[in-house]
Structure formats: C-alpha cells, structure tokens
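Worth knowing before you read on, the calculation uses all heavy atoms, side chains too, and leaves out hydrogens, waters and symmetry mates. As the structure lists them, so they are numbered: ligands from 1, and atoms in each ligand from 1. Just so we're clear, the structure is a prediction, and the values are computed from it rather than from any experiment.
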Amino acid sequence: MEETAYAKINLALHVRGREADGYHRIETVFAFAEDGDRLRVAPAEGLRLELEGPYAGAVPAGDDNLVLRAARALRRICGVREGAALTLDKRLPVASGIGGGSADAAAALRLLARLWRLEPEAGALMDIARELGADVPACLDSTTAMGTGRGDVLAPADGPRPGTPLLLVNPGVAVATAEVFPRWEGMDGGPLPGDWREGRNDLQAPALAVAPEIEAVLDALAAQRGARHVRMSGSGATCFALFESEADRDLAAVGIGADHPGWWRLSSRTR
Ligand code: ATP
C-alpha cells in the first residue's frame, strides 16, 4: 500500500498577530501539488521505518520522525495491536516551507487507517493531526482550503483549478520555521482578500532576512514566460509559480535548472 505525501503550498499567508505563548495567528490558503514524498507500508509486528530517497539523510531516522509519531498516536488512540513496516521515500527538501514533515505525518495517518482497516469517528483523525502540527490537518485532506488560527482551523476555499501547472524551486538553503516567525515585524497587514490571487506572504520579508537567496528565486520565477502568481511558500525558502501551460512550466524548469544547477525543482500540477 502506498500514499503520496503531497507537497503543500501557501497561495497566500497573512500573519495577523502574535499570541502570548509565542504562536502566531495566521490566515492562509493552502493548496497542494500532485507530487511529494512517497510512503509505503507492509504488515509487520511492531512499528518500524526505513528511509530512502534524496533527502533521507536530512530527517530523523528514529522515534522523532513525524511518520512514526503519527503511527504511534493513531495506534494509541484507536487501540490498534497490529504493527507496520513503513518506508518513506523522502523527495521534498526538509525545512523548506512546503510542509514535508506535515505531509508525511498526514500520509501516515491515511495509509495506516487503510492498513489497519480503521473507521475512526468523524473528526478523530483531524484531532490526531492537530496534535502533530499546525499544518497536518490541512495535509490530511490535501485539498485547497483556508486555514485560520495557527492554520489548523480549516474552511473550504477557492484556488486555482485542479491540474494547474506548478513549478516549485528551492535555492538549497534550509530555513527553520522557528527562525522566521520571530522576525515578523508585528504589524497586522490586514485579512486575506476575497480573491486568493491578491494575497501576500507576510513571512517573505522575515525569511529574506534569514535566506537572502530567496530573492533570486522569486526573480527567476517571475521572469519566466507564462508565470502567474509567483510567491514564497510557508516560511520559505521554497517559492513557486503557477503557469498558463505545461509547456511554459517545462521551459521555465529547464531554464532555471541551466542557470542555477544547485537549486531544487519540482514540476507538478495542483491537486
Ligand atoms: P512547514 O511548511 O510546515 O513550515 P517545512 O517544510 O518548513 O514545513 P519540514 O520539512 O516539515 O519543514 O521539517 C520540519 C522539521 O521536522 C525538520 O527539522 C525535521 O527534522 C523534522 N521532521 C521530522 N520528521 C520529518 C519528516 N518525516 N520529514 C521532514 N521533516 C521531519
């Protein structure tokens, strides 16, 4: 059995305030790529996880891995005795604003619920997801949604039509979310507009202070023919563009790859 841990993008992300506990109130529109990490599972006694793929070395191999944390939480809450042998093919760069760990945790919940034939009560998986991280609830459904609160209170939202050509680009610098939020200047720039295309990413300036390379990625994407809606995702450093056509997206991927061989790219489409 297999699941894709779909890469998450934030079409817009407005930071509205800082809470006393250090968390931030945000308003965001999540969307998802058709591609991401891959998670496989086979029945087994006990829980184990193997890592493979280009970024296998960049994530914790043991109990701290979000896949195993999700598996343990599901087992505990649903009273499961069976085990699982999981293999995570880690293709998404880590600490890059596209929710890799959150998507992996959500994919583990979907996959193990199938393997263990669980029929949890409505909302039970969402509750587990919320415990695992603010972006995990959105990743559970992996469909376009508006997120408020910490991003974990979800509502339906408009976004690009499914299948819209998408290019993700990362300059190869890991940016920890915890380094970016404290650099937010503290000025509420206002709510998300009704049209997602008019939204900002308020974390862009703070992320640029941590990783100035992001500017070059945004410029490179904006210069491509047919590029629409160029933004940084999450707390960076991955940026993305939506394209008019797959031909334009593919040309952009080739051009950016030739100019910046060290940058990571993913050609995909929105879900
Ligand atoms: P977001 O967009 O939600 O802010 P991100 O892309 O910036 O996420 P992740 O790639 O999810 O960040 O990594 C965040 C942290 O989670 C890393 O420091 C990493 O060590 C840890 N982690 C644990 N398990 C995983 C996993 N399966 N994949 C990625 N990171 C993991």
Quick one: table the atom pairs, ligand 1 N or O against protein N or O, below 3.5 Å, distance rounded to 0.1 Å.
unit_1	atom_1	unit_2	atom_2	d
ligand 1	2 (O)	Lys8	NZ	2.8
ligand 1	2 (O)	Gly97	O	3.3
ligand 1	2 (O)	Gly99	N	3.0
ligand 1	3 (O)	Asp135	OD2	2.7
ligand 1	4 (O)	Thr177	OG1	3.0
ligand 1	6 (O)	Ser96	N	3.2
ligand 1	6 (O)	Gly97	N	3.0
ligand 1	6 (O)	Ile98	N	3.3
ligand 1	6 (O)	Gly99	N	3.1
ligand 1	7 (O)	Ser96	N	3.3
ligand 1	7 (O)	Gly97	N	3.0
ligand 1	10 (O)	Ala95	N	2.9
ligand 1	11 (O)	Gly101	N	2.7
ligand 1	24 (N)	Leu66	N	3.0
ligand 1	27 (N)	Asn65	OD1	3.0
ligand 1	27 (N)	Asp104	OD2	2.9
ligand 1	28 (N)	Lys90	NZ	3.1
ligand 1	28 (N)	Asp104	OD2	3.1

| query | Within 45° of the axis and under 6.0 Å from the centre of the six-membered ring of Phe243, does NZ or CZ of Arg249 qualify? | reply | no
| Atom of Ala227, atom of Val230 and distance for their closest heavy-atom approach | CB-CG2, 4.3 Å
| task | Could you walk me through whether Asp37 and Arg91 pass the side-chain contact (heavy atoms from CB on, under 4.5 Å) test, one step at a time? | result | CA-CA 5 Å; Asp37 294 336; Arg91 302 177 185 186; 3.9 Å; yes
| message | Quick one about Asp135 and Ser102 (side-chain donor to acceptor, distance below 3.5 Å, no hydrogens or angles considered), yes or no? | response | no
| So among Arg40, Arg114, Arg38, which one has a salt bridge (Lys or Arg N to Asp or Glu O under 4.0 Å) with Glu3? | Arg114
| Pair Asp152 + Arg150, salt bridge at N-O below 4.0 Å | no
